[in-house]
Amino acid sequence: MVEINFFKIEKKWQDRWSKEKTFEVKEDSKKKKYYTLEMFPYPSGEGIHMGHTFNFTLVDILARFKRLSGLNVMYPVGYDSLGLPAENAAIKVGTHPKEYTDKSIPNFMKQQKALGLSYDWSRVISTADPEYYKWDQWVFLEMFKKSLAYQKTRAVNWCPSCKTVLANEQAQSGTCDRCETPVKIKHLKQWFFKITDYADELYENIDKLDWPEKTKAMQRNWIGKSHGTQIDFEINKKPWPIFTTRPDTIFGVTFMVISAQHEGLMSLVTKEQKKEVENFLNKLGSVSEKDLAEMDKLGAFTGSYAINPANKEKVPIYVGNFVIADYGSGMVMAVPAHDQRDFEFAKKYKIKIKPVVLKEHNESYSYVMGINEKDIAKIGIKIIEKTEEGFFKIKIPFGKLEEYKSFIRKNLQPGFWNEFSTPKGFYFIFKHKNKKLEEFELNEKTNDLIDNYGMTFNNEKPKKNPENVYSWLAENDFYKELLIHTDTGTLISSGKFNGLDNKEAINQITKEFGKKIVQFKLRDWGISRQRYWGTPIPIIHCEKCGTVPVPEKDLPVILPEKVKFGEGNPLETAKDWVNVSCPKCKGKAKRETDTMDTFVNSSWYFFRYCDTQNKKEIFDKNKVNYWCPIDTYIGGAEHSCMHLIYSRFYTKFLNDMGLLNFREPIKRLFHQGMINDEKGQKQSKSKGNVVEPLKLIQEYGSDTLRFFITSVAAPDKGFNWSTKGIQGSSKLIKRIINYFEESKEEKDSPEVLNKLNKTISNVESYYENFQYRKATIEIRELFDLIEKNPASKETKERFLQILNPICPHITEELWNRLGNKNLISTSEWPKAGKVTDKKSESNLDETVIRDINYFLEKTPTKPKKIYLYAMHFEIKKINKEKISKKVGLPIDVFAVNDKNKYDPQGKAGKAKPGKPSIFLE
RNA sequence: GAGGAGAUGCCGGAGUGGUCAAACGGGGCAGACUCAAAAUCUGCUGGCUUAUGCCUACGGGGGUUCGAAUCCUCCUCUCCUCACCA
């Protein structure tokens with residue numbers, strides 16, 4: 001076998017593609033376009049890792065396949081170079097982020113080229129380029145004009161020692177990740193984009209996207225549209241709107257909870273309660289936000305009350321840590337009987353619990369004393385158990401309610417009562433000492449029950465409230481399940497709504513006390529970062545004129561290079577840059593020193609790819625409308641929410657500006673899987689488990705790496721890296737090259753032709769649908785066949801074309817060696833010919849005759865008759881007479897699913913397609 | 001708590017009603033070549049056994065069907081994402 005110099009071959013073709021601008025494209029109205037790209041990478045100094053390799057290769061295969069299929073394919077590349085990682089990395093190494101980025105990008109490019117990616121290199125963009133972020137600033141100003149960019153105060157993580165605002169990921173443990181000082185919460189004025197204006201469209205359009213269900217579900221969850229009711233509660237004589245999805249439980253409200261972060265909180269706190277509330281708030285400050293979900297419900301009484309509009313009851317208002325300030329109105333009506341959180345809170349602070357929904361149930365349980373077991377068995381009621389106190393626990397099916405009632409009337413001992421649930425409430429039967437009976441539904445006569453019969457609950461006579469009876473009932477496990485729950489059911493203790501199904505009650509109570517509204521979880525997008533390495537926000541703060549936008553002609557506002565790192569916001573140290581004159585009044589003014597979130601940069605970069613050199617406008621409308629929307633976009637699932645929602649938001653905004661003729665940027669989305677180490681752990685430098693693609697390319701060649709990575713990992717599932725198998729791929733690639741060196745040109749064997757055609761059509765759909773792994777398998781099978789059977793030059797060429805998307809270099813080389821002057825990369829994908837199915841042509845009769853003869857040899861006594869059982873779809877193919885003649889015995893043929901067949905030994909079940917079963921009698 | 005994806009042989013993973021003891025790869029075993037090794041090639045890789053056979057087997061139970069890895073149903077487990085959203 002010849003030694004192969006992969007490096008030389010790869011370099012040769014990479015140079016040729018570059019020289020001939022093979023992958024550079026222009027708009028062409030006559031050609032169908034295809035726009036595909038991966039989420040552009042953040043260019044780290046460490047170069048590309050396996051995850052990148054996997055991601056890039058997946059997209060490259062698609063791009064190359066689409067190109068072969070005759071489409072005008074744009075596959076661009078760029079760098080998401082602004083951002084915190086670059087800033088941190090630079091500070092760590094002691095260089096400037098710009099310098100760091102300027103070094104990292106060429107390194108990335110070099111490695112990407114080594115992989116043989118078919119990028120249109122004329123369209124490279126970098127978000128750190130002022131010519132790029134100029135348009136970030138421009139869009140910001142456009143939003144500012146339309147009040148979609150605005151300022152408001154928001155809490156941030158603040159490290160008192162570094163005097164720096166920390167990103168959430170820098171403050172995860174509740175301490176600063178650099179100096180471990182506990183993080184404080186600080187309120188700062190910050191910039192926001194009003195994405196909530198688009199919340200409904202963002203939500204509703206999800207259905208129309210050809211995206212993974214999972215991603216769509218995540219976006220739905222993130223945007224969180226929920227339908228509910230708004231009801232005004234009166235607080236200090238003023239209405240306070242409350243959002244709820246369970247207005248049916250309004251009679252069960254026993255307290256209110258306002259968010260600890262709510263702006264209006266202190267106005268509700270009375271003098272007497274101030275200390276307690278402040279204590280509570282101080283406790284909260286030290287807890288990091290991350291454990292919110294596991295945290296105990298905590299709170300304090302504010303001293304104020306709210307009036308429940310349904311029953312005019314006065315309920316206490318608490319402040320609580322589990323209520324979100326900017327969802328709804330920041331206060332909730334708490335119904336401890338029918339909400340888990342409210343229940344926990346009520347238990348902790350000993351607030352009363354009032355059940356108002358009786359869960360649906362099919363039977364009741366009761367406890368009775370002093371009855372005769374046989375008597376009760378006569379009416380078909382079972383005794384489940386006997387309690388220590390001498391009660392019988394019995395089960396009463398609702399069908400037997402009436403019989404049970406009359407039984408109790410007869411058998412109840414004077415001075416005792418019996419209670420049980422009915423489908424719509426509870427029923428009580430009480431027998432006076434004088435044997436007089438009293439019976440009633442609990443809802444109606446509870447007070448009578450208490451007053452007239454002297455019933456006591458835990459030796460304590462309750463106040464005249466139905467819910468106290470319910471509380472007492474709820475001490476019984478069975479009744480508790482009916483009363484304390486979050487399920488559907490029938491209303492009780494709810495005035496005129498009693499007996500209503502709770503779904504119906506939602507409608508009626510909404511109509512009576514409130515109105516239907518829609519709430520979103522989605523918040524406005526806070527874009528301010530108190531960081532250096534980001535897009536400067538083009539705003540000037542003037543002492544006189546206030547907030548003044550930078551005039552468009554002054555864009556871009558370029559990030560100053562001379563700044564000090566280490567304390568506070570570096571931009572504030574660039575005094576020359578900060579101090580400017582006001583564009584309006586020319587008076588003293590200062591620049592905004594916040595920079596933009598990097599998600600701003602990545603929200604529209606795919607549009608800029610269409611027109612990277614444009615100095616006059618963000619992009620040429622016509623160019624973008626030709627290429628976009630993106631046909632297939634590939635990237636990590638971690639961007640399911642933020643990046644992809646922000647991009648959708650930008651698209652809608654730019655469409656509203658009249659710059660686009662579509663409202664969704666991405667037609668098809670695909671998430672590649674993760675490449676982890678052998679143990680399934682994430683690869684990271686600190687763990688020392690990083691596999692460097694470049695080394696593998698040097699050792700095996702990039703085609704081998706590309707083939708290996710696609711054959712070993714399903715694109716969407718990823719793979720726990722092991723280099724073991726790469727030898728297998730290497731072998732195959734070498735075998736292929738070797739074969740092309742040595743094989744002769746012959747006439748195709750039928751098997752080869754058949755397999756070729758099958759492979760062409762299968763692989764076509766595999767490439768289309770990201771089933772690359774299957775493609776490598778089928779390619780392998782085809783090659784195995786070609787290697788061992790005569791094949792023509794044309795077949796060999798087709799084989800190379802099929803393989804080309806995965807292994808572009810060697811296929812280019814072998815294509816050339818076969819005498820082709822053109823590039824395989826721009827050749828035309830082969831058309832699949834006819835495929836013949838060998839199996840369907842095999843002769844059933846022959847098989848049957850052979851099988852029968854075999855049996856006849858084995859059987860000592862000669863049978864009288866033969867029964868054949870064949871698949872129902874094969875019956876017609878069997879020639880009964882022919883077989884009968886050959887074997888010399890009469891034959892009956894049955895379909896295997898024939899109900900009337902003669903089959904005493906159940907042989908029919910043994911039949912298989914192509915192989916009828918036989919019974920000899 | 002909400003949502004999503006899964007469970008197949010030693011391993012990774014195809015397979016979605018019959019041609020399935022289950023593709024393809026990895027690993028393992030045996031053999032060929034070689035003084036030997038690597039590379040390469042060939043065969044085997046559930047059990048009984050060598051039969052056109054039987055048994056066991058696609059997470060577990062139950063069902064539909066002449067026939068189930070595949071369809072239905074219940075259960076168990078695993079992974080991922082979001083999460084006090086009223």
Side-chain angles (χ1 to χ4, degrees), chain A residues 1 212-222 224-226 228-229 242-247 249 256-257 259 291-297 320-335 338-342 344-345 486 519-523 637-638 640-641 671 673-674 680 708 711-714 716-717 719-720 722 724-729 731-732 734-735 738 771 773-774 776-781 784 837-840 842 847 850-855 858 869 871-874 894-899 901 903 906-915 917-918:
Chain A
M1 201 179 251
E213 276 315 308
K214 189 184 167 188
T215 310
K216 295 208 275 185
M218 279 166 78
Q219 291 215 350
R220 274 189 207 105
N221 186 265
W222 184 269
K225 184 178 183 177
S226 60
T229 301
I242 297 292
F243 178 70
T244 178
T245 51
R246 290 295 303 274
T249 62
M256 311 290 285
V257 189
S259 167
D291 332 305
L292 224 59
E294 294 96 57
M295 216 156 77
D296 268 352
K297 311 276 172 291
N321 64 345
F322 65 98
V323 178
I324 290 158
D326 50 1
Y327 185 76
S329 62
M331 194 191 293
V332 298
M333 57 176 235
V335 185
H338 305 293
D339 182 284
Q340 185 57 32
R341 293 154 303 181
D342 299 347
E344 281 171 40
F345 194 88
T486 54
Q519 273 290 331
F520 293 95
K521 278 202 245 178
L522 187 73
R523 314 292 148 79
E638 67 275 16
S640 290
C641 287
H671 297 302
M674 296 268 287
F708 175 57
S711 69
V712 87
D716 54 334
K717 283 183 189 144
F719 168 64
N720 290 347
S722 154
K724 265 186 191 167
I726 200 170
Q727 258 99 2
S729 299
K731 260 187 234 172
L732 178 76
K734 284 181 185 161
R735 247 169 74 205
N738 222 37
Q771 296 175 304
R773 202 161 190 267
K774 287 191 205 165
T776 63
I777 289 165
E778 191 122 359
I779 287 168
R780 243 192 161 105
E781 286 171 354
D784 282 348
D837 190 354
K838 254 169 75 189
K839 292 258 163 63
S840 66
S842 73
T847 317
R850 210 184 57 223
D851 288 359
I852 294 174
N853 282 329
Y854 172 80
F855 277 117
K858 279 188 92 181
Y869 310 96
M871 307 315 298
H872 58 95
F873 49 83
E874 282 176 342
F894 293 105
V896 103
N897 55 350
D898 182 350
K899 297 259 179 198
K901 64 181 176 288
D903 184 15
K907 292 277 184 192
K910 311 275 182 197
K912 288 174 180 175
K915 199 173 178 328
S917 63
I918 300 156

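First the proteins, then the strands, lettered A, B, ... as listed; each starts at 1. The structure displayed is predicted, hence computed values, not measured ones. Atoms considered below: every heavy atom in the structure, side chains included; atoms not considered: hydrogens, waters and symmetry mates.
Pairing for B:A2 is with B:U81, a Watson-Crick or G-U wobble pair whose two hydrogen-bonding atom distances lie under 3.5 Å. Shown here, B:G12 forms a base pair with B:C24; the pair counts as Watson-Crick or G-U wobble because both key distances fall under 3.5 Å. Across the strands present, B:C58 finds no partner; the criterion is a Watson-Crick or G-U wobble pair with both atom distances under 3.5 angstrom. Base pairing of B:U76 is made with B:A7, judged by Watson-Crick or G-U wobble geometry with both donor-acceptor distances under 3.5 Å. Across every strand in view, B:G18 sits in a pair with B:C66 that passes the Watson-Crick or G-U test at under 3.5 angstrom. Taking a pair to require two hydrogen-bonding distances under 3.5 Å in either a Watson-Crick or a G-U wobble arrangement, B:A30 pairs with B:U42. Pair assignment for B:U50 gives none, since no Watson-Crick or G-U wobble pairing has each distance under 3.5 Å.
Comparing B:C85, B:A86, B:C84 by their closest approach to the side chain of A:Lys521 singles out B:C85. Distances were taken from every side-chain heavy atom of A:Asn221 (C-beta onward) to each of B:A86, B:C82, B:C41; the shortest belongs to B:C82. Across B:C85, B:A23, B:A86, the shortest atom-to-atom separation from the side chain of A:Glu781 is found for B:A23. Listed nucleotides B:U81, B:A86, B:G25 differ in distance to A:Val332; the shortest reach to its side chain belongs to B:A86. Distances were taken from every side-chain heavy atom of A:Ala217 (C-beta onward) to each of B:G3, B:C24, B:G13; the shortest belongs to B:G3.
The phosphate of B:A14 has OP1 or OP2 within less than 4.0 Å of a side-chain N or O from A:Lys717. The phosphate of B:A86 has OP1 or OP2 within less than 4.0 Å of a side-chain N or O from A:Ser226.
The NZ-P distance, from A:Lys225 to B:A86, rounds to 14 Å in whole Å. With rounding to whole Å, A:Gln219 atom CD is found 21 Å from B:C85 atom P. Between A:Met674 atom CE and B:G6 atom P there is a gap of 19 Å when expressed in whole angstrom units. In this structure, A:Leu732 places its CG atom 9 Å from P of B:G25, rounding to the nearest Å. Atom C1' of nucleotide B:U42 and atom CG of A:Asp784 are separated by 14 Å, given to the nearest angstrom. Atom CZ of A:Arg780 and atom C1' of B:G12 are 13 Å apart (whole Å). Between A:Asp339 atom CG and B:A2 atom P there is a gap of 13 Å when expressed in whole angstrom units. Rounding to whole angstrom units, CZ of residue A:Phe322 and P of B:A86 are separated by 13 Å.
Contacts of A:Gly728 with the nucleic acid, taken as non-hydrogen atoms under 4.0 Å apart, involve only primed sugar atoms and P, OP1 or OP2. Heavy atoms of A:Arg341 sit under 4.0 angstrom from at least one base atom. As judged by a 4.0 angstrom heavy-atom cut-off over every strand, A:Gln519 is placed among residues making no nucleic acid contact. Using a 4.0 Å heavy-atom criterion, one finds that A:Thr245 contacts the sugar-phosphate atoms exclusively. Counting non-hydrogen atoms under 4.0 angstrom, A:Arg220 reaches nothing in the nucleic acid. Contacts of A:Val335 with the nucleic acid, taken as non-hydrogen atoms under 4.0 Å apart, are absent.
Annotation: B:A14 and B:C84 have their P atoms spaced 35 Å apart (nearest Å). Comparing B:G6 with B:G15, their P atoms sit 11 Å apart, to the nearest whole Å. Between B:U16 and B:G59, the two P atoms lie 15 Å apart (nearest whole Å). One P atom belongs to B:U45, the other to B:A37, and the distance between them is 25 Å to the nearest Å. Of the P atoms belonging to B:A57 and B:G9, the separation is 13 Å, rounded to the nearest Å.
Contact detail for A:Thr249 and A:Met333: the closest heavy-atom pair is OG1-CE, 3.8 Å.
Taking the six-membered ring where tryptophan is involved, the planes of A:Phe322 and A:Phe345 are tilted, since the angle between them lies from 30° to 60°.
At a threshold of 4.0 Å, the pair A:Glu344-A:Arg341 does not count as salt-bridged, since none of the basic side-chain nitrogens sits closer than that to a carboxylate oxygen.
Atom CZ of A:Arg246 and atom CG of A:Asp342 lie 11.0 Å apart (nearest 0.5 Å). For the atom pair OH of A:Tyr327 and OG of A:Ser259, the computed distance is 14.0 Å after rounding to the nearest 0.5 Å. Here the OG1-CD distance, from A:Thr776 to A:Glu781, works out to 9.5 Å after rounding to the nearest 0.5 Å. Rounded to the nearest 0.5 Å, atoms CD (A:Gln771) and CD (A:Glu778) are 11.0 Å apart.
Checked by distance alone, A:Arg735 brings no side-chain donor or acceptor within 3.5 Å of a matching partner on the base of B:C41. A donor N or O paired with an acceptor N or O is not found under 3.5 Å between the base of B:C24 and the side-chain atoms of A:Lys774.
The closest side-chain heavy-atom distance from A:Gln519 to A:Thr245 is not below 4.5 Å.
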